Chemist: 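One structure is given below, represented as structure tokens, and several questions about it will come after.
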Amino acid sequence: MYRTHNNGELRSEHINETVTLSGWVQKTRNKGFMIWVDLRDRYGITQLIFDEERTTQEVMKIASELGREFVIQVTGKVIERESKNPNMPTGDIEILVSELILLNESLTPPFTIEDETDGGEDVRMKYRYLDIRRNPVRENLVFRHTVTMAVRNYLSGKNFVEVETPYLIKSTPEGARDFVVPSRMNEGQFYALPQSPQTFKQLLMVGGMDRYFQIVKCFRDEDLRADRQPEFTQIDCEMAFVEQEDILQTFEGLTRHLLKEIKGVEIGEFPRMTYDDAMRTYGNDKPDIRFGMKFGELNEVAQHRNFNVFNAAELVVGIAVPGANSFTRKEIDKLIDWVKRPQIGALGMVYCRCNEDGTYKSSVDKFYDQEDLARWAEATGAQPGDLICVLSGDTNKVRAQLSALRMELAERLGLRKPDEFAPLWVVDFPLLEWDEETERFHAMHHPFTSPKPGQMELLRTQPGDVKANAYDLVLNGNEIGGGSIRIHDKEIQSKMFDYLGFSEEEAKAQFGFLMDAFQYGAPPHGGIAFGLDRLVAILGGQETIRDFIAFPKNNAGRDVMIDAPAPIDEAQLQELNLQLNL
Ligand code: ASP
């Protein structure tokens with residue numbers, strides 16, 4: 001038996017018991033006549049003591065040669081510690097070792113296995129298995145497990161069945177590129193890895209599995225953005241015989257359950273906001289509503305003077321930054337530089353100080369009088385002591401810019417509190433989205449999303465105005481889930497493919513199986529998928545999803561530990577009938 005107890009377990013009530021422990025050497029302290037070793041495993045650290053008088057010479061010798069991360073097994077007696085350590089759960093006791101077995105040696109680790117390690121990101125990624133020995137990383141993985149168990153239990157308790165769907169499939173259109181896998185046995189043919197199990201879960205509904213979920217890997221070959229992973233995990237769900245309201249209720253329930261179980265936070269009804277309102281009020285379809293700074297549109301109160309910058313703009317819009325009248329001129333100039341950075345792309349920023357005495361001082365006083373500025377304050381909800389920041393230009397661009405500024409300021413002002421949770425449903429998404437590159441409309445969600453009842457006709461005349469039965473669940477400014485009610489009528493689905501520019505043949509080749517299935521009694525259905533990695537990170541009060549993935553890829557999509565992707569050898573290429581054209 002390698003161990004009778006783990007290293008986090010022993011307390012003073014175990015004193016005088018003989019125990020066997022196994023683990024890694026965290027550190028040793030050698031005074032010659034006495035040696036102390038901190039023994040670590042997943043559960044904690046226990047102090048071992050070896051002393052000349054009570055330990056055999058042979059054991060003393062092995063103990064004196066132990067290095068960091070050596071794997072050992074010891075047997076000994078639990079004794080009371082002379083100097084207790086109240087900061088350690090096992091700090092009242094130590095083990096007087098009588099037997100020591102060296103199970104394995106270790107090279108000196110390239111970084112210290114401690115909460116505050118000296119290892120940089122890169123080296124920790126390369127030796128991820130060592131990083132996992134550190135408390136913060138291990139705790140994150142355990143936390144992820146706790147969340148997934150809570151999800152499974154909740155959904156299972158609501159009659160959802162977890163069904164696995166295949167990974168070697170045909171392209172699913174979720175708006176990214178597919179990762180493809182060549183088929184050895186079918187020359188010139190390829191599987192695609194699922195961007196999501198979308199079509200399969202819909203087929204499960206046709207199959208009568210009216211409540212499905214799956215905690216599932218999805219693969220999207222996207223240009224990498226910070227904190228995106230080419231493979232990520234979704235909590236994928238689908239329900240039959242439901243309307244949008246049923247889905248919102250069910251997954252509001254799941255989210256509420258998680259917040260309560262995991263964070264001890266009780267949340268009432270989730271607020272709902274239409275996509276249009278979210279864009280108008282926050283410039284963003286995933287607003288963080290833990291704080292205000294709502295957009296105030298200023299066209300009416302700012303386009304009546306000779307200020308051409310505003311007069312030429314499609315939208316003039318501002319936010320009142322609470323208490324920011326205290327910003328110095330220098331700080332404001334820095335803020336202006338910030339919005340002018342290429343990543344944000346604003347041409348400039350107008351500001352207006354709201355003084356405590358009720359007067360205003362703006363950067364455009366030449367054009368606007370106190371009365372004008374008072375109306376700006378009214379439109380943005382500014383109070384004395386606030387600073388109004390105003391951007392102008394093309395509606396979509398300006399909204400995105402001001403939204404970025406709003407988030408940045410909230411961050412700086414400490415308004416994005418990790419222990420506060422503000423979920424929000426954003427509903428009534430547009431069905432279609434204009435794509436500048438291809439100069440045509442694309443499905444905003446995916447081509448299986450159903451338009452709102454009665455809106456199919458609008459497709460021909462005002463396609464951009466058609467709203468979908470599509471919804472996102474937003475938590476603290478992050479989209480944590482998104483889904484829709486699906487089309488379940490074959491005719492409507494083929495019209496949709498047609499509208500989206502699929503020829504009949506293409507639609508048949510790509511989605512014939514779904515269209516076929518729809519001929520055999522497809523029930524009304526809809527669903528949602530949550531991004532598990534992000535959800536776990538947010539519940540864990542952190543922003544980086546990588547910290548909650550056991551073996552993540554870096555920002556360039558590489559696994560630096562196993563060194564993938566990597567070339568394959570000629571024989572393998574030949575077997576796959578592939579030729580490299582490098
Ligand atoms: N398949 C969708 C996605 O991955 C989610 C859904 O519509 O249920 O975003």
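In each ligand, atom 1 is the first atom listed, and ligand 1 is the first ligand listed. The model shown is predicted, which means the values in this text are computed figures rather than measured ones.
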Chemist: Are Arg144 and Asp533 close enough for a salt bridge, meaning some N to O gap below 4.0 Å?
Modeler: yes
Chemist: Does any N or O atom in Asp236 lie less than 3.5 angstrom from one in ligand 1, N or O only?
Modeler: no
Chemist: Please state whether the rings of His446 and Phe448 are parallel, tilted or perpendicular, taking 30° and 60° as the class boundaries.
Modeler: tilted
Chemist: Strictly distance-based, threshold 3.5 Å: is any side-chain N or O of Asn140 a donor or acceptor partner for the main-chain N or O of Asp547?
Modeler: yes
Chemist: Do Tyr167 and Phe219 make the cut of ring centroids closer than 6.0 angstrom?
Modeler: yes
Chemist: Indicate whether the side chain of Asp236 and that of Tyr212 have a donor and an acceptor atom separated by less than 3.5 Å.
Modeler: yes
Chemist: Enumerate the atoms of ligand 1 whose separation from the nearest heavy atom of His445 is less than 4.0 angstrom.
Modeler: 6 (C), 7 (O)
Chemist: Going by salt bridge (charged side-chain N to carboxylate O under 4.0 Å, His left out), Asp131 matches just one of Lys126, Arg124, Arg546. Which one?
Modeler: Arg124
Chemist: Which residue and atom name correspond to the protein heavy atom nearest atom 3 (C) of ligand 1, and how close is it?
Modeler: Glu174 OE1, 3.3 Å
Chemist: side-chain hydrogen bond (donor to acceptor under 3.5 Å, both in side chains) with Ser484: which residues, sequence neighbours excluded?
Modeler: Thr449, Arg486
Chemist: With a 4.0 Å cut-off on heavy atoms, is Glu479 touching ligand 1?
Modeler: no
Chemist: Just jot down the ligand 1 atoms closer than 4.0 angstrom to any heavy atom of Arg486, in number order.
Modeler: 6 (C), 7 (O), 8 (O)
Chemist: Before you tell me yes or no, could you show the steps for His445 and Phe429 under side chain to side chain contact (heavy atoms under 4.5 Å, CB included), namely the whole-Å CA-CA distance, both residues' side-chain angles and the distance that decides it to 0.1 Å?
Modeler: CA-CA 9 Å; His445 189 44; Phe429 271 79; over 6 Å; no
Chemist: Does any N/O atom on Glu238 come nearer than 3.5 Å to any N/O atom on ligand 1?
Modeler: no
Chemist: Can you list the atoms of ligand 1 that are under 4.0 Å from a heavy atom of Ala529?
Modeler: 5 (C), 8 (O)
Chemist: Ignoring angles and geometry beyond distance, decide whether Gln234 reaches within less than 3.5 Å of ligand 1 through its nitrogen or oxygen atoms.
Modeler: yes
Chemist: Under a 4.0 angstrom heavy-atom cut-off, which atoms of ligand 1 come close to Lys201?
Modeler: 6 (C), 8 (O)
Chemist: With sequence neighbours excluded, what pairs up with Phe295 under the ring-ring contact (aromatic ring centres under 6.0 Å, His included) test?
Modeler: none
Chemist: Does only the side chain of Arg220 get under 4.0 Å from ligand 1, or the backbone, or both, or neither? Count heavy atoms.
Modeler: side chain
Chemist: Taking 4.0 angstrom as the limit and counting only heavy atoms of Gly483, give me the atoms of ligand 1 inside it, by number and element.
Modeler: 6 (C), 7 (O)
Chemist: State the atoms of ligand 1, each with its element, that fall below the 4.0 Å cut-off from a heavy-atom position in Ile528.
Modeler: 8 (O)
Chemist: Work out whether the distance between some heavy atom of Gln195 and some atom of ligand 1 is less than 4.0 Å.
Modeler: no
Chemist: Taking the minimum heavy-atom distance to atom 5 (C) of ligand 1, which of Ala470, Gly531, Gly482, Ser196 ranks first?
Modeler: Gly482
